[in-house]
*Asks:* 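Got a structure for you, questions after.
Order of the sequence lines sets the chain letters (A, B, ...), proteins ahead of strands, with each chain counted from 1. Hydrogens, waters and symmetry mates play no part in the numbers below; they use all other heavy atoms, side chains included.
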Amino acid sequence: MRMSKLFVQTLREFPSDAEVISHKLLVRAGYIRKLTNGVYNYLPLMWRVLKKIENIVREEMDASGAQELLMPFVQPSELWLESGRWEVYGKELMRLKDRHNREMCLGPTHEEVITSIGREGIRSYKQLPVNLYQIQSKFRDEIRPRFGLLRGREFIMKDAYSFDADEQGLDKSYEIMAKAYTRIFERCGLETKMVQSDSGAIGGSVSHEFMVLVNEDAENNAGENDVFYCTKCGYSANSNHAVSILNEVETDGHFDCAKIVDTPNTHSIEELSEFLKIPSSVICKCLIYVIDGKYVAALIRGDRTIEETKLMNAFQGNDIRIARNDEIEEIMNISGFNAVAGFIGPKGLKGVEIIADETVKDLKNFVIGINQNDKHFVGANWGIDVELPQKIEDIRLVEENDKCVDCNAPLKVTKGIEVGNIFKLGTKYSKAMNATFADKDGQEKPFIMGCYGIGISRTAAAAVERHHDEFGIKWPLAIAPYTVIVVPVSDQDETQMRVAEEIYNKLLEAKVEVILDDRQERAGVKLKDADLIGIPYRITVGKTIKDNLVEFKERATNNMVTITPDEAVSRILAL
RNA sequence: CGGGAUGUAGCGCAGCUUGGUAGCGCACCUCGCUUGGGACGAGGGGGUCGCAGGUUCAAAUCCUGUCAUCCCGACCA
């Protein structure tokens with residue numbers, strides 16, 4: 001490709017609306033351009049990168065035995081009504097009506113469609129297992145798209161779905177996908193960690209996420225997930241799913257009697273603990289949540305934080321948020337109190353389900369809200385002063401240096417970008433949508449399903465997050481838009497131009513993806529652009545060409561060597 | 001949907017307080033000069049100042065509304 005003809009506009013400055021480095025660099029280097037909020041044009045360089053990633057994904061998926069197909073982007077509401085997700089999915093599902101007023105939606109994922117394909121096409125256990133996948137744009141009307149390609153509303157995704165006759169088959173399909181995913185990201189030049197995860201809105205039981213860890217860069221807030229991992233045994237999990245053994249802390253308040261005391265203006269645990277001169281771990285915190293429209297009071301030890309996904313799952317909920325002040329007021333009215341947040345306690349609450357984290361069980365002589373403003377109950381004990389809730393579960397957020405449940409070593413935390421996700425769905429969709437096959441005994445049974453996603457466009461952005469420097473992108477070779485760029489320093493110099501053309505033509509003939517920077521620009525512009533767009537190798541033809549020498553630069557390391565043009569060509573051919 | 005901010009040329013911004021009919025840098029076009037890390041000179045093109053009302057002789061500027069975008073929380077590939 002001749003640079004003078006390549007459709008790319010690099011910018012001298014970073015775009016003002018970009019926050020994370022992948023977004024800034026992809027815009028500045030001319031890879032993407034925003035069309036509207038969370039929706040981007042993939043310009044020619046970007047499209048080449050995406051196709052590279054797609055091809056790696058295709059090769060590995062095909063090698064795993066999966067078959068590619070393509071499902072419609074627009075889907076009828078009927079299928080979603082069957083699965084029950086028309087109501088459940090919420091506003092992320094982009095709904096629309098056709099001219100006949102029939103309700104449709106833009107596909108955010110394709111469980112419903114694939115299940116309909118499975119139930120029509122798979123009649124017998126003899127056809128199983130089957131794994132079908134597609135690579136396609138998805139649309140999710142995200143509440144807040146941000147970070148460029150890392151969280152768009154429209155994005156490119158590979159989604160695969162497996163059908164098996166039994167759980168053992170699913171385990172096998174799942175394992176095959178886990179291995180394929182590991183290879184895919186490796187080939188893309190991305191180190192990933194496979195971590196346990198909550199299965200979220202897709203449903204099902206077991207789930208793992210493939211995370212690109214980005215904690216090395218302190219400035220980087222692109223990693224939206226906290227990943228807890230054990231340095232010793234390899235346990236790792238998303239914070240929404242992680243479990244731990246807690247370190248020993250003081251759980252006895254050592255109050256010599258149980259009584260209500262004045263605690264003015266202590267709205268937070270910190271204020272209360274400071275006021276009473278006690279550790280926060282002897283306070284029982286009570287938070288009011290709204291889960292699917294129902295009130296829940298969650299109790300947890302004062303030094304710990306509620307993990308909202310775990311709390312929501314404890315009630316099989318779909319939606320969770322902390323209660324607003326007016327909602328707390330309503331609860332207080334029903335219960336005959338008038339306390340505000342900070343002084344709420346479980347005793348006497350009406351119209352509220354109460355759940356406790358395991359951490360509160362062992363509290364003795366502790367401090368707890370008593371639904372009176374500016375007062376707390378100190379020296380409380382379960383069963384005497386306050387009833388211990390029936391429902392006790394792990395609803396807490398893991399913290400760094402908690403102990404690993406598998407090996408008791410301390411856990412660490414890091415930020416991760418989720419580039420892939422695999423789920424064991426089980427029969428969630430096959431049962432709801434009556435998708436069955438005839439098993440060996442002739443009985444109709446629902447498919448045991450799994451689903452497996454890779455964010456193609458997000459993977460590209462994650463690669464930029466991990467591979468860049470102050471000058472620009474450093475694409476891993478396997479997903480770079482071009483392999484090499486040939487830069488004649490001066491377009492005035494006939495020898496330089498001639499040699500550059502010769503190198504270019506040799507590489508072209510050898511089917512190498514090569515750019516010749518034939519623009520009438522000064523050297524600085526061409527060299528800066530080469531660094532910015534991040535082509536893995538650069539062959540610079542400058543003055544030393546009189547000694548038959550060119551400069552060969554590797555972008556990943558910025559290492560340069562001076563060699564002959566022929567040697568430069570052979571080095572590229574040897575890649 | 002809450003909290004904060006911003007909309008002026010393709011990009012980055014100034015002008016707004018104190019109304020007088022739009023400017024700078026980059027990019028773009030022409031010519032000259034220049035060619036190892038985003039040169040220089042001269043000339044040129046491009047903007048209904050987000051949109052709609054209002055106030056005024058006069059609005060980018062003041063007022064009201066509205067839309068969009070960005071940042072902080074609930075979503076997830």
Side-chain angles (χ1 to χ4, degrees), chain A residues 9-20 23 27-28 30 33-34 36-38 57 89-93 108-110 135-160 181 197-202 207 209-212 221 224-225 238 240 289-290 308-309 312 318-322 324-325 417-423 451-462 471-472 487-493 496-497 519-532 538 540-545 550-551 553 560:
Chain A
Q9 296 78 35
T10 58
L11 305 175
R12 188 73 74 94
E13 292 165 276
F14 284 122
S16 63
D17 59 357
E19 181 75 4
V20 298
H23 187 195
V27 172
R28 186 171 160 203
R33 193 89 176 178
K34 184 169 69 188
T36 184
N37 191 13
V57 169
Y89 208 97
K91 289 179 184 165
E92 281 73 42
L93 185 63
T109 175
H110 281 66
I135 297 174
Q136 183 200 45
S137 286
K138 295 280 186 273
F139 195 93
R140 295 184 188 172
D141 199 0
E142 295 276 351
I143 298 163
R144 188 151 90 85
R146 60 188 142 168
F147 302 156
L149 260 37
L150 286 173
R151 177 168 297 279
R153 290 195 292 170
E154 186 176 308
F155 58 97
I156 301 174
M157 179 171 164
K158 186 283 303 181
D159 46 325
Y181 274 36
S197 164
D198 179 66
S199 45
I202 309 268
S207 163
E209 294 167 339
F210 286 78
M211 295 283 190
V212 173
N221 57 358
E224 295 190 86
N225 300 271
N238 190 310
N240 66 20
Y289 281 88
V290 181
E308 295 186 357
T309 304
M312 183 172 81
N318 287 302
D319 179 62
I320 184 167
R321 61 181 171 79
I322 195 100
R324 296 187 307 262
N325 286 337
I417 300 170
E418 181 192 345
V419 289
N421 201 182
I422 57 179
F423 293 94
C451 76
Y452 318 92
I454 289 179
I456 302 284
S457 41
R458 182 182 278 180
T459 298
F471 302 109
V487 182
V489 167
S490 168
D491 63 72
Q492 314 277 295
D493 186 308
Q496 287 181 27
M497 289 307 287
R519 293 176 302 169
Q520 296 185 9
E521 290 286 356
R522 292 170 61 83
V525 173
K526 290 187 275 198
L527 298 175
K528 286 280 188 196
D529 273 347
D531 284 348
L532 181 60
R538 187 181 82 197
T540 313
V541 185
K543 283 177 190 149
T544 54
I545 198 60
V550 298
E551 177 191 279
K553 178 182 169 181
M560 290 186 264

*Asks:* Within the modelled atom types, does a donor on one side and an acceptor on the other bring the side chain of A:Arg28 and the base of B:G38 under 3.5 Å apart?
*Replies:* yes
*Asks:* Step by step, work out the side-chain contact (heavy atoms from CB on, under 4.5 Å) result for A:Lys158 and A:Tyr181.
*Replies:* CA-CA 11 Å; A:Lys158 186 283 303 181; A:Tyr181 274 36; 2.7 Å; yes
*Asks:* When you measure from the side chain of A:Arg33, which nucleotide among B:G36, B:C11, B:A77 comes out closest?
*Replies:*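 Side chain of A:Arg33 sits closest to B:C11.
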*Asks:* What's the closest nucleotide to the side chain of A:Glu13 if the choices are B:C11, B:U35, B:C71?
*Replies:*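 Among B:C11, B:U35, B:C71, the one nearest the side chain of A:Glu13 is B:C11.
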*Asks:* For A:Phe14, which contact category applies under a 4.0 Å heavy-atom criterion: base, sugar-phosphate, or nothing?
*Replies:*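 It contacts sugar-phosphate atoms only.
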*Asks:* Rounding to an integer number of Å, can you tell me how far A:Arg146 CZ sits from B:C70 P?
*Replies:* 11 Å
*Asks:* Within the 4.0 Å heavy-atom criterion, would you say A:Glu521 contacts the bases, only the backbone, or no part of the nucleic acid?
*Replies:* base
*Asks:* Give one of base, sugar-phosphate or nothing for A:Leu532, where a contact means two heavy atoms less than 4.0 Å apart.
*Replies:* base
*Asks:* Touch check for A:Lys34, heavy atoms < 4.0 angstrom, all strands: base, sugar-phosphate only, or nothing?
*Replies:* sugar-phosphate
*Asks:* So what does A:Val419 touch, heavy atoms closer than 4.0 Å: a base, only the sugar-phosphate, or nothing?
*Replies:* sugar-phosphate
*Asks:* Do A:Arg140 and B:C75 have a side chain to base donor-acceptor pair shorter than 3.5 Å?
*Replies:* no
*Asks:* Go through the N and O atoms of the side chain of A:Arg538 and the base of B:G37, and report whether any donor-acceptor pair is under 3.5 Å.
*Replies:*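 By the distance-only test, yes, there is a pair.
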*Asks:* Rounded to the nearest angstrom, tell me the gap between atom CZ in A:Arg519 and atom C1' in B:A27.
*Replies:* 12 Å
*Asks:* Rounded to whole Å, how long is the line connecting atom CD1 of A:Ile422 with atom P of B:C76?
*Replies:*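 In whole Å, B:C76 P lies 18 Å from A:Ile422 CD1.
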*Asks:* Out of B:C75, B:A27, B:A39, which nucleotide sits closest to the side chain of A:Arg151?
*Replies:*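 Nearest listed nucleotide: B:C75.
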*Asks:* Of all the choices, B:A77, B:U69, B:C72, which nucleotide is nearest to the side chain of A:Asn37 once you look at every atom?
*Replies:*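 Nearest to the side chain of A:Asn37 among the choices is B:U69.
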*Asks:* Identify whether any heavy atom of A:Thr36 sits under 4.0 Å from a base atom; if not, whether one sits that close to sugar-phosphate; answer base, sugar-phosphate or nothing.
*Replies:*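 Sugar-phosphate contact only.
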*Asks:* Please classify the nucleic acid contact of A:Asp491 as base, sugar-phosphate, or nothing, using heavy-atom distances under 4.0 Å.
*Replies:* base
*Asks:* Under 4.0 angstrom, heavy atoms only, what part of the nucleic acid is A:Glu551 near: base, sugar-phosphate, or nothing?
*Replies:* base
*Asks:* Remember a base hit wins even if backbone is also touched, and classify A:Asp529 as base, sugar-phosphate or nothing at under 4.0 Å, heavy atoms.
*Replies:*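 Counting heavy atoms under 4.0 Å across all strands, the contact made by A:Asp529 includes a base.
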*Asks:* For residues A:Asp491 and A:Gln520, report the shortest heavy-atom separation together with the two atoms involved.
*Replies:* OD2-CA, 3.4 Å
*Asks:* Suppose we screen for salt bridge (Lys or Arg N to Asp or Glu O under 4.0 Å). Which residues come up paired with A:Lys528, at least two apart in sequence or across chains?
*Replies:*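 Expected list: none.
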*Asks:* May I ask you to say what A:Glu142 touches in the nucleic acid, namely base, sugar-phosphate or nothing, with a heavy-atom cut-off under 4.0 Å?
*Replies:*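 Base contact.
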*Asks:* Does A:Ser16 make a side-chain N or O approach to OP1 or OP2 of B:U6 shorter than 4.0 Å?
*Replies:*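 Checking B:U6 against A:Ser16, no side-chain N or O comes under 4.0 Å of OP1 or OP2.
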*Asks:* Check every atom of B:G38, B:C11, B:C13 against the side chain of A:Thr10 and return the nucleotide holding the closest atom.
*Replies:* B:G38
*Asks:* With sugar-phosphate meaning primed atoms plus P, OP1 and OP2, does A:Gly30 contact a base, only sugar-phosphate, or nothing at under 4.0 Å between heavy atoms?
*Replies:*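 Nothing, no nucleic acid heavy atom in range.
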*Asks:* Starting at the 5' end of RNA chain B, which residue's closest nucleotide do you reach first, A:Arg321 or A:Gln496?
*Replies:*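 Residue closer to the 5' terminus by nearest nucleotide: A:Gln496.
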*Asks:* Among B:U35, B:G36, B:A77, which is the nearest nucleotide to the side chain of A:Thr540?
*Replies:*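 Output: B:G36.
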